[in-house]
Amino acid sequence: MDGGWRDGAGGRRTALVNPATEEAFVEVAAAEVSDVDAAVESAHRAWEGGWRDMAPGKREALLHAVARKLREHQEEIAQLERLHIGKPIADARDEAGLGARVFEYYAGAVTKFGGQTLPVARGGLDFTLRQSMGVVAGIVPWNFPFPIACWKVAPALAAGNCVVLKPASLSPLTALKLGQLAHEAGLPPGVLQVLPGGGSTIGDALVTHPRVRKVSFTGSTEVGKRIMELASRDLKRVSLELGGKSPNIVFADADWGKAADSSPMSVFANTGQDCCARSRVFVERGVFEGFVERFVAATGKLVVGDPADEGTQLGPLVSAGQRASVEGYLEDARRTGARFAVGGGRRAGRGYYLEPAVLLNVGPGDRCWREEIFGPVVAIVPFDDEAAMLREVNDTPYGLSGSVWTSNLSRALRVSRAVQSGVLSVNSHSSVHVEAPFGGFKQSGLGRDLGMAAMEGYTELKNIYVGE
Ligand code: NDP
């Protein structure tokens, strides 16, 4: 805090458990409600005291300096990510690099994002300004802790705000490293505060603090709704990136073999703990059998194992609780008659591992079809009619992501328009691009991360008219 390290006011600490070994390996200070006030006030002072009015070129240079630090420390960040959430090391390296890329992109945005001049009817000069808001609270989850922290912090700072970042209790290490490196890169004290602590302890205090002008949240739909309710009391701005139950739609005219080979990682990557996971697969009946066979074969080849091994593709679930929750869904699926084409069992030895599960014979009312599982579980169903399939695709409170596979361009465009989601990929499973907006329809969220859309979300729009 304020550019230095501090214990929480109550002196409490949280032990972190490595999910691959089930052993506690470090303790981290946990903030109390009174720490929230200190952090927010300090961020507010930093905003008023210079960051808000800093010359754009200087702010741009500082964000580039942060990006350079992140690149220099990419391996250290990746190893911390591996330790606290069991992220496979190759993915953790990529995500550390992604975080640096996010800072580079928004460093560039500082001098490229602005207002407009408008030819108003009465003459004179009319122009708009994009102005910073003040203190932004960034609340981030444990599934992609480092990149999501970066894509909240970097655009908020680029737009001239100061940030109080609250990492998830399971994954504070890379957020703390980000705070340290940003300070070493020259970010003035108070501009970025990192506040580890329990959401149930400090969440309400952070969200309702009168000096916090925007809450940018990624996590569960349930907590997102609570944040929106609390934020409405003083009309704080909110952006919410929440859960998903995304479709993967495969038409018979597609290169369905390619779709089948690549689809397992569209749902099982990050051990299924991914809001974009394509967990409902719709396959046109003519190629259903062949698709399932190849999907199951590709699933069988995935390397589940120690996140420290270079070749590992799937690590453990993040915690014993998360694995128990996923197993609850699998138990339900067994009871309601789902057929397990492969997977669903534990792996022998230590660590919160689960073999990725492919479910067939799942009905539209089944819990594993309707709810976000956040684990390595997918259900595949056949379809005959495009319109009926699309009704089913959209019959969910969620609308985050999805894929469509077809070689027919008209169909690709028609279906892309019809799927109710904020992000969609055609003949690909790629959802996240630093340069493009990311967020959801319906109960998958509000507002957008990434791209220039994020800059809009971290600024107020002011119109100024100058008479002649
Ligand atoms: P949460 O929504 O509880 O946690 C996300 C973040 O919000 C964490 O930093 C958490 O802190 C914080 N938080 C929790 N309660 C509050 C509160 N009252 N006020 C402010 N912040 C709060 O998700 P979980 O970690 O419990 O995961 C539960 C489920 O949510 C998953 O199984 C998955 O379905 C979904 N999820 C979706 C994500 C996504 O990317 N869309 C990401 C994570 C989860 P703390 O960790 O200290 O509780």
Side-chain angles (χ1 to χ4, degrees), residues 88 245-272 274 276-305 311-314 326-327 329-347 353-364 366-370 373 375-386 388-390 392-393 401-408 411-412 415 419 424-431:
K245 192 72 189 172
S246 296
N248 181 9
I249 303 164
V250 183
F251 286 94
D253 65 18
D255 181 349
W256 60 267
K258 183 176 168 198
D261 293 343
S262 62
S263 287
M265 279 306 268
S266 80
V267 56
F268 299 140
N270 212 38
T271 318
D274 180 352
C276 289
R278 276 77 164 159
S279 52
R280 295 183 298 151
V281 188
F282 299 80
V283 184
E284 199 165 4
R285 187 158 325 256
V287 297
F288 181 75
E289 296 292 332
F291 179 92
V292 169
E293 198 177 306
R294 269 182 84 154
F295 189 109
V296 168
T299 300
K301 289 187 198 135
L302 295 177
V303 182
V304 182
T312 292
Q313 290 172 284
L314 309 190
V326 176
E327 286 179 327
Y329 282 98
L330 294 174
E331 208 36 60
D332 262 18
R334 277 190 197 96
R335 218 179 25 247
T336 53
R339 184 160 81 75
F340 282 57
V342 69
R346 289 190 178 189
R347 183 170 166 270
Y353 290 94
L354 268 185
E355 301 291 344
V358 180
L359 309 186
L360 306 173
N361 204 22
V362 167
D366 294 347
R367 211 161 74 91
C368 65
W369 183 256
R370 301 206 69 78
I373 299 176
V377 183
V378 72
I380 312 181
V381 299
F383 72 88
D384 298 295
D385 173 65
E386 181 182 308
M389 175 272 293
L390 284 170
E392 185 141 342
V393 161
S401 182
S403 298
V404 182
W405 293 81
T406 176
S407 59
N408 178 323
R411 174 176 279 147
V415 172
V419 175
L424 200 77
S425 9
V426 177
N427 297 331
S428 163
H429 293 304
S430 186
S431 296

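Because the structure is predicted, anything quoted here is derived from the model rather than measured.
At a threshold of 4.5 Å between non-hydrogen side-chain atoms, the residues I380 and V283 count as touching. No side-chain heavy atom of W369 sits under 4.5 Å from any side-chain heavy atom of K245. Looking only at side-chain heavy atoms (C-beta outward), N427 and D255 stay at 4.5 Å or farther from each other.
A donor-acceptor pair is defined here as one N or O able to donate and one able to accept, closer than 3.5 Å; no such pair exists between the side chain of D274 and the backbone of A269. Put simply, the side chain of N248 never gets that close to the backbone of R280: no donor and acceptor are under 3.5 Å apart. Without hydrogens or angle criteria, D253 side chain to T406 main chain gives no donor-acceptor distance under 3.5 Å. Without hydrogens or angle criteria, S425 side chain to S430 main chain gives a donor-acceptor distance under 3.5 Å. Here the side chain of R370 pairs a donor or acceptor atom with the backbone of P364 at under 3.5 angstrom.
To the nearest 0.5 Å, atom OG1 of residue T271 and atom CD of residue Q313 are 10.5 Å apart. Taking OH of Y329 as the start and CG of D366 as the end, the distance is 12.5 Å to the nearest 0.5 Å. For the atom pair R285 CZ and M389 CE, the distance stands at 13.0 Å (nearest 0.5 Å). The distance from atom CG of D385 to atom CD of E392, rounded to the nearest 0.5 Å, is 11.5 Å. To the nearest 0.5 Å, the span separating CZ on F295 from CH2 on W256 amounts to 13.5 Å. If you take CZ on R339 and CG on L359, they are separated by 10.5 Å, rounding to the nearest 0.5 Å.
Within the 6.0 Å centre-distance limit, the rings of F383 and F251 are counted as a close aromatic pair.
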| query | Could you walk me through whether F268 and V358 pass the side chain to side chain contact (heavy atoms under 4.5 Å, CB included) check? | reply | CA-CA 10 Å; F268 299 140; V358 180; 4.2 Å; yes
| task | Go through I373 and C368 one step at a time and tell me if the side chain to side chain contact (heavy atoms under 4.5 Å, CB included) criterion holds. | result | CA-CA 7 Å; I373 299 176; C368 65; 3.8 Å; yes
| message | One pair to check against salt bridge (Lys or Arg N to Asp or Glu O under 4.0 Å): K258 and D261. What are the steps and the verdict? | response | CA-CA 5 Å; K258 183 176 168 198; D261 293 343; over 6 Å; no
| message | If you apply the rule side chain to side chain contact (heavy atoms under 4.5 Å, CB included), what do you find for V381 with F282, and how did you get there? | response | CA-CA 5 Å; V381 299; F282 299 80; 3.9 Å; yes
| request: Step by step, work out the side chain to side chain contact (heavy atoms under 4.5 Å, CB included) result for L424 and V404. | output: CA-CA 8 Å; L424 200 77; V404 182; 3.9 Å; yes
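Considering S263, S403, S266 as possible partners of R278, the one that fulfils the side-chain hydrogen bond (donor to acceptor under 3.5 Å, both in side chains) test is S403.
The two residues P264 and A298 come nearest to each other via the heavy atoms CG-CB, 3.8 Å. In plain terms, the two heavy atoms of A277 and G272 that are nearest each other are CB-O, 4.3 Å. Counting all heavy atoms, side chain and backbone alike, G305 lies closest to Y353 at O-OH, 3.0 Å. The shortest heavy-atom contact between L314 and P356 is CD1-CG, 3.8 Å. Of all heavy-atom pairs between P247 and V419, the closest is CG-CG1, 4.3 Å. The two atoms that bring H429 and A259 nearest to each other are NE2-O, 4.4 Å, heavy atoms only.
In this structure E284 satisfies the salt bridge (Lys or Arg N to Asp or Glu O under 4.0 Å) test with no other residue, sequence neighbours excluded.
Here E386 pairs with R411 in a salt bridge; the nearest charged N to carboxylate O distance falls below 4.0 Å.
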